Amino acid sequence: MTVLYSDYDYDEKCATVSRRDIAQTCNMSVRNIDRILSQLVKKDLIRVQKRYAPSGRQIENSYKLIYRDYRS
């Protein structure tokens, strides 16, 4: 959550960062990050928006931090 919060874009109201960058920052494997992100989605703390380049290749996901909506 801290990594997502540090990449949070207040204009877009989401954090856009690759799973690989999250893993490197946390010194964890991408697989562990996938598990953690999945748990955060199940707990309705974040929502994931998959993003694609015009060529159709998947690029970094955007993560909406749901708990921010509860604080306002």
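Values reported hereafter were calculated over all heavy atoms of this structure, with side chains retained and with hydrogens, waters and symmetry mates removed. The model shown is predicted, which means the values in this text are computed figures rather than measured ones.
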Practice task
Any chance you could lay out the side chain to side chain contact (heavy atoms under 4.5 Å, CB included) test for Val41 and Val48, step after step, and finish with the verdict?
Solution key: CA-CA 8 Å; Val41 168; Val48 180; 3.7 Å; yes
Handout entry: Stepwise side chain to side chain contact (heavy atoms under 4.5 Å, CB included) test for Leu45 and Ile66
Key = CA-CA 5 Å; Leu45 294 172; Ile66 304 304; 5.6 Å; no
Problem - Audit row: Gln49, Lys64, side chain to side chain contact (heavy atoms under 4.5 Å, CB included) steps and yes/no - result: CA-CA 8 Å; Gln49 179 180 0; Lys64 181 171 173 122; over 6 Å; no
Exercise for the section: Given side chain to side chain contact (heavy atoms under 4.5 Å, CB included), test Tyr63 with Leu40 step by step and report yes or no. Expected result: CA-CA 11 Å; Tyr63 303 92; Leu40 292 172; over 6 Å; no
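Taking the side chain as every heavy atom from C-beta outward, Ile59 and Arg57 approach each other to under 4.5 Å.
Considering CZ of Arg35 and CD of Gln39, their distance stands at 9.0 Å, rounded to 0.5 Å. The line from CG of Leu4 to CG of Leu37 is 6.5 Å long, rounded to the nearest 0.5 Å. To the nearest 0.5 Å, atoms CD1 (Ile46) and OG (Ser62) are separated by 11.5 Å. Asn61 CG to Cys14 SG: the interatomic distance, rounded to the nearest 0.5 Å, is 10.5 Å.
Counting non-hydrogen atoms of neighbouring residues, nucleotides and ligands closer than 6.0 angstrom, the CZ atom of Arg20 reaches no more than 12 such neighbours.
Taking all atoms of both residues into account, the shortest heavy-atom contact from Asp44 to Arg47 is OD1-NH2, 3.4 Å.
Between the side chain of Arg51 and the backbone N or O of Glu60 there is at least one donor-acceptor pair closer than 3.5 Å. Although no hydrogens or angles enter the test, the distance criterion places no donor-acceptor pair under 3.5 Å between the side chain of Ser38 and the main chain of Asp34.
Hydrophobic clustering of Ile, Leu, Val, Met, Phe, Trp and Tyr side chains at less than 4.5 Å, counting indirect connections, unites Ile22 with Met1. Side-chain heavy atoms closer than 4.5 Å link hydrophobic residues (I, L, V, M, F, W, Y) into clusters, and following such links, possibly through other members, connects Val17 to Met28.
Ring-plane geometry between Tyr5 and Tyr8 is classed as parallel, the angle between the planes falling under 30 degrees on a 0 to 90 degree scale with a further cut at 60.
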